[in-house]
Amino acid sequence: MSGSPPAGRAPRVTPMSAAPTDPVSSLRRVITDAVAELGDGVAEPGLERPPRAELGDYSSNAAMLAAPVVRRAPRDVASDLAESVAARIGADVDSVEVAGPGFLNLHMTEAWMRAAAAEVVAAGGRFGSGVVDEPRKILVEFVSANPTGPITVASGRHAAYGDSLARLLAFAGHEVGREYYINDAGGQIRLFGESIAARIEGRGVPEGGYEGDYVAELGERIAAEGGAVDAEALAQRGVELMVDSIRATLERARVSFDRWSSERDLHESGAIDEAVEALRERGLVYESEDAIWLRTTDLGDDKDRVLVKADGEPTYFAPDIAYHRDKLQRGWDLLIDVWGADHHGYVARMAAAMAALGEPEGSFEVEIMQLVNLLEGGERARMSKRRGDFATLDDLIDDIGVDATRFFLVQRSHETPLDIDLELARKQSADNPVYYVQYAHARICSLFRAAAEDPDESGEPAPAGSLEPAERRLITTLLEYPGQVAHAARVREPHAIGGYARDVASDFHAFYRDCRVVGAEPGLQAARLEVCGAARVVIASCLELLGIEAPEEM
RNA sequence: GCCCCCGUAGCUCAGAUGGAUAGAGCGCCGGCCUUCUAAGCCGGAUGUCGCAGGUUCGAGUCCUGCCGGGGGCGCCA
């Protein structure tokens with residue numbers, strides 16, 4: 001495999017350069033300013049939703065944080081802050097109350113709520129984006145499954161996670177690249193070629209070789225093409241075909257890459273030798289027992305590691321270092337690698353290598369993925385690429401569809417083992433969270449269609465007292481979105497977006513029950529439609545981050 | 001032995017710098033369609049947050065030890 005195939009196309013979320021303002025950020029700023037007046041040294045106050053709606057729309061622990069600094073009782077500080085905050089916000093707040101141990105509870109006005117919904121609609125697809133303080137150039141490397149077999153469900157989880165993470169980081173405001181590293185050199189590839197040769201010749205595959213039916217199919221296909229059939233040529237051609245097939249599967253899953261990097265290229269270009277040389281210049285390389293070692297113990301690893309084996313062949317480690325060096329030389333300042341749990345023991349070594357290359361701490365991260373189990377009536381399927389009995393990502397997509405596949409694969413934190421209940425994933429009902437969220441979106445679109453038939457052209461403002469609790473709750477949840485994005489991006493957890501989307505859908509369905517939209521009195525229909533519009537913006541945005549379609553009707 | 005992850009409702013899991021009465025889904029029981037999509041909504045039951053200490057005005061969250069589960073510790077990739 002040489003060269004880089006063109007990147008596939010997937011929907012991208014537009015990154016924003018300037019940090020936008022949003023209603024919640026503005027409130028947060030007011031609190032911060034009020035606290036700053038009390039003196040220095042107070043930690044950044046929190047602004048969150050209180051546990052019960054009666055307590056207010058927003059709650060801050062500012063007074064409790066300030067109390068020890070100014071040496072006064074929390075509730076005492078709180079009452080002063082409450083006055084100051086109320087004055088700063090002005091007409092948008094109904095009241096600022098002191099509650100419990102010293103919380104500041106804010107009750108916002110109806111007008112503020114409705115204006116906030118309008119802001120969301122105005123921001124559209126940009127709402128929630130560009131929330132990161134310090135944008136970085138981040139390269140996410142993920143999947144990178146060996147090109148010796150089809151993409152399994154486990155690799156599919158890497159794909160869904162890595163792709164959503166890349167979308168999320170870009171949306172949050174980082175510059176993001178996505179890359180697949182093809183391990184097209186070394187012993188496994190040799191074995192792969194020998195396995196194909198064996199199948200062509202009708203022999204059994206060699207010890208530890210690849211036995212799946214796809215190997216025989218590859219053999220037939222390559223044999224039909226004619227040309228050389230030695231094991232090395234077979235391996236090369238086999239890898240090419242496998243990579244094509246892997247790319248097709250991933251694109252089907254709406255996962256694309258900006259670049260496919262080849263390990264073989266690193267061998268041929270001399271990049272590996274250069275990397276070893278660079279390490280040698282730093283005095284971290286030595287020879288022992290005919291092998292070449294990297295002194296990783298100086299950099300946090302628990303033993304030194306071999307770069308070049310006694311037989312003169314590089315280990316897997318050496319090209320990996322060369323590859324990471326190349327990524328940095330291409331201008332990325334943070335490399336995020338998504339690895340399987342079985343590579344956990346490799347993290348310290350790679351981090352040591354990065355340090356050996358002189359990279360500052362914080363320029364390399366590894367996200368470790370846990371396994372996926374498919375459940376069907378309690379039965380578990382174990383997945384192994386070496387044998388022929390694995391479950392492929394294509395199989396899963398055929399079974400439950402792309403949307404459900406993507407949603408379920410990022411439903412849990414990537415570092416937690418995942419069980420997928422196929423029966424549930426197949427179900428087209430409210431039990432299935434994918435359809436639950438999509439249905440909310442379709443329902444909103446349906447409302448807009450109905451409203452177009454019966455438009456509210458009164459131009460009146462919404463009547464006073466018309467903001468129902470369910471409506472207030474929905475708007476407040478929608479306004480959380482920028483914070484949700486910032487948090488999910490910071491902790492590299494796109495699954496949080498899925499959970500949040502479900503909350504939005506749930507609040508929307510409750511709103512739908514309590515608040516008549518089409519046919520409401522003049523002024524109110526338009527105002528409520530604005531809330532629906534805001535909900536549609538946020539749900540569509542969440543779904544896009546997850547690579548899931550937002551249907552207009554179902 | 002060393003390192004990493006995990007232990008929260010019957011099940012699967014959320015719980016962001018420590019904050020108010022620890023949440024959701026599934027499952028179970030019972031209700032709701034002559035009005036905007038019932039792929040929806042509402043109500044009900046269930047917790048020594050693995051155990052024991054410690055720090056704190058306050059601990060599921062932080063610290064220490066222990067118990068239990070998973071994974072990793074190759075001149076394989």
Side-chain angles (χ1 to χ4, degrees), chain A residues 43-46 48 50-52 55 59 61 64-65 67-68 73-74 99-103 105 146 148 183 185-189 191 208 263 288-293 302-303 305-311 313-317 319-320 340-349 368 370-371 375 411-413 415-419 421 424 427-440 442-451 453-454 483-484 486-488 490-491 493 495-496 499-500 502-503 505-506 508-510 512-520 525 528-529 532 553-554:
Chain A
E44 181 72 16
E48 49 196 33
R52 292 182 307 285
L55 293 171
S59 175
N61 61 353
M64 282 130 79
L65 293 175
F103 287 104
N105 290 339
N146 283 350
T148 52
N183 296 119
Q188 290 304 320
I189 297 301
L191 199 53
E263 180 186 354
S288 171
E289 301 168 57
D290 296 326
I292 299 176
W293 297 71
D302 52 8
K303 57 164 75 166
R305 306 293 176 174
V306 173
L307 291 169
V308 181
K309 297 187 262 184
D311 64 7
E313 286 288 309
T315 59
Y316 178 83
F317 192 31
D320 229 11
D342 54 340
H343 285 62
H344 161 75
Y346 198 67
V347 176
R349 180 180 329 185
I368 293 294
Q370 293 295 333
L371 288 173
L375 299 180
Q411 200 179 13
R412 303 272 173 250
S413 166
E415 57 193 25
T416 305
L418 174 68
D419 290 333
D421 180 345
L424 173 65
K427 227 191 276 185
Q428 306 216 344
S429 77
D431 303 343
N432 189 331
V434 192
Y435 298 110
Y436 183 81
V437 174
Q438 289 184 318
Y439 181 66
R443 229 180 188 184
I444 294 167
C445 292
S446 168
L447 276 174
F448 274 92
R449 285 191 296 269
E453 301 284 310
D454 185 12
Q484 293 281 343
H487 175 247
R490 184 159 42 81
V491 299
E493 292 278 19
H495 86 277
Y500 169 72
R502 208 193 177 288
D503 289 343
S506 171
F508 172 76
H509 289 309
Y512 182 90
R513 176 196 69 234
D514 291 349
C515 303
R516 182 74 200 179
V517 179
V518 179
Q525 171 167 333
R528 286 192 170 154
L529 214 47
C532 293
E553 51 191 334
M554 288 172 74

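So you know, we letter chains A, B, ... as the sequences are listed, proteins then strands, and number each from 1. Heavy atoms only: backbone and side chains are in, while hydrogens, waters and symmetry mates are out.
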Inset, instruction - Take atom CG of A:D342 and atom C1' of B:C3, then tell me their distance rounded to the nearest Å. - result: 16 Å

Inset, instruction - Name all stems that contain residues of RNA chain B, defined as runs of 3 or more consecutive Watson-Crick or G-U wobble pairs, both distances under 3.5 Å. - result: B:1-7 with B:67-73, B:10-13 with B:23-26, B:28-32 with B:40-44, B:50-54 with B:62-66

Inset, instruction - Could you tell me the separation between the CG atom of A:D320 and the CD atom of A:E263, rounded to the nearest 0.5 Å? - result: 7.5 Å

Inset, instruction - Would you indicate what A:A310 reaches in the nucleic acid, counting non-hydrogen atoms under 4.0 angstrom: base, sugar-phosphate, or nothing? - result: base

Inset, instruction - Could you measure between the two P atoms, the one in B:C66 and the one in B:G23, and give it in whole Å? - result: 33 Å

Inset, instruction - Provide, to the nearest angstrom, the distance between the CG atom belonging to A:D454 and the P atom belonging to B:C36. - result: 13 Å

Inset, instruction - Name all residues meeting the ring pair (Phe, Tyr, Trp, His ring centres under 6.0 Å) criterion together with A:H509; count only those two or more places apart in sequence or in a different chain, and write none if there are none. - result: A:Y436, A:Y439

Legend entry - Toward the 5' end of RNA chain B, by each residue's nearest nucleotide, A:Y316 or A:E553: A:E553

Inset, instruction - Flag the pair A:L529 / A:F448 as yes when at least one side-chain heavy-atom distance between them is below 4.5 Å, and no otherwise. - result: yes

Inset, instruction - Could you check how far CG of A:L191 sits from P of B:A77, rounded to whole Å? - result: 12 Å

Inset, instruction - With sequence neighbours left out, write down each residue that passes ring pair (Phe, Tyr, Trp, His ring centres under 6.0 Å) with A:Y316, or none if nothing qualifies. - result: A:Y346

Inset, instruction - Mark yes or no for whether A:R412, through its side chain, and A:H495, through its backbone, hold a donor-acceptor pair below 3.5 Å. - result: no

Inset, instruction - Using heavy atoms to find the nearest nucleotide of RNA chain B for A:Y512 and A:P68 separately, return the residue whose nucleotide is more 5′. - result: A:Y512

Legend entry - Residue list, side chain to side chain donor-acceptor pair (under 3.5 Å) with A:S506, at least two apart or on another chain: none

Legend entry - For A:R305, all residues meeting side chain to side chain donor-acceptor pair (under 3.5 Å), sequence neighbours excluded: A:D301, A:D302

Inset, instruction - State whether A:K303 places a side-chain N or O below 4.0 Å from either non-bridging phosphate oxygen (OP1 or OP2) of B:C2. - result: no

Legend entry - Pairwise P distance for B:G68 and B:C28, with rounding to whole Å: 36 Å

Inset, instruction - Calculate the interatomic distance between A:I368 atom CD1 and B:G72 atom C1'; express it in whole Å. - result: 9 Å

Inset, instruction - Could you tell me the separation between the OH atom of A:Y346 and the P atom of B:A77, rounded to a whole number of Å? - result: 9 Å

Legend entry - Sugar-phosphate, base or nothing in reach of A:E289, heavy atoms under 4.0 Å: base

Inset, instruction - Write down the distance separating the P atoms in B:U48 and B:G10, rounded off to the nearest Å. - result: 8 Å

Legend entry - Anti/syn call for B:C11, syn if |chi| within 90°: anti

Inset, instruction - Quick one: label A:A291 by what it contacts on the DNA or RNA (base, sugar-phosphate, nothing), any heavy atom closer than 4.0 Å. - result: base

Inset, instruction - Identify, with sequence neighbours excluded, every residue that meets side chain to side chain donor-acceptor pair (under 3.5 Å) alongside A:S413. - result: A:E493

Inset, instruction - Answer with base, sugar-phosphate or nothing: what part of the nucleic acid does A:C532 contact at a heavy-atom distance below 4.0 Å? - result: nothing

Inset, instruction - Go through the structure and list residues passing salt bridge (Lys or Arg N to Asp or Glu O under 4.0 Å) with A:R443, not counting sequence neighbours. - result: none

Legend entry - Span that lies between the C1' atom of B:U61 and that of B:A20, in whole angstrom: 16 Å

Legend entry - Inter-nucleotide P distance (B:G65, B:G58), Å rounded: 24 Å

Inset, instruction - Take the protein atom CD of A:Q370 and the nucleotide atom P of B:C6, then report the distance between them rounded to whole Å. - result: 9 Å

Inset, instruction - Specify the separation, in whole Å, of atom NE2 of A:H343 and atom P of B:G74. - result: 14 Å

Inset, instruction - From the options B:G74, B:A39, B:U35, select the nucleotide whose nearest atom is closest to the side chain of A:Y435. - result: B:A39

Legend entry - Out of B:G25, B:A77, B:C41, whichever nucleotide has its closest atom nearest the side chain of A:Y436: B:C41

Inset, instruction - Report, as a single string ordered 5' to 3', how protein heavy atoms within less than 4.0 Å touch nucleotides 11-20 of chain B: B base, S sugar-phosphate only, - not at all. - result: -BSS-BB-BB

Legend entry - Any donor-acceptor N/O pair, A:T315 side chain to A:L307 backbone, under 3.5 Å: yes

Legend entry - Nearest-Å distance once atom C1' is located in both B:G71 and B:G27: 31 Å

Legend entry - Shortest side-chain distance from A:H344, nucleotide among B:C3, B:A77, B:C41: B:C3

Inset, instruction - Could you measure between the two C1' atoms, the one in B:G15 and the one in B:G44, and give it in whole Å? - result: 24 Å

Inset, instruction - Give the rounded distance in Å between these two atoms: CD of A:E415 and P of B:G69. - result: 22 Å

Inset, instruction - Side chain of A:R513 only, please: which of B:C42, B:U35, B:A39 is the nearest? - result: B:C42

Legend entry - Distance (rounded to the nearest 0.5 Å) between A:R449 CZ and A:I444 CD1: 11.5 Å

Legend entry - By ring pair (Phe, Tyr, Trp, His ring centres under 6.0 Å) - contacts of A:F508 (at least two apart): A:F511

Legend entry - Nearest-neighbour nucleotide for the A:E263 side chain, B:C75, B:C36, B:A77 considered: B:A77

Legend entry - Separation between the P atoms of B:C36 and B:G31, rounded to whole Å: 24 Å

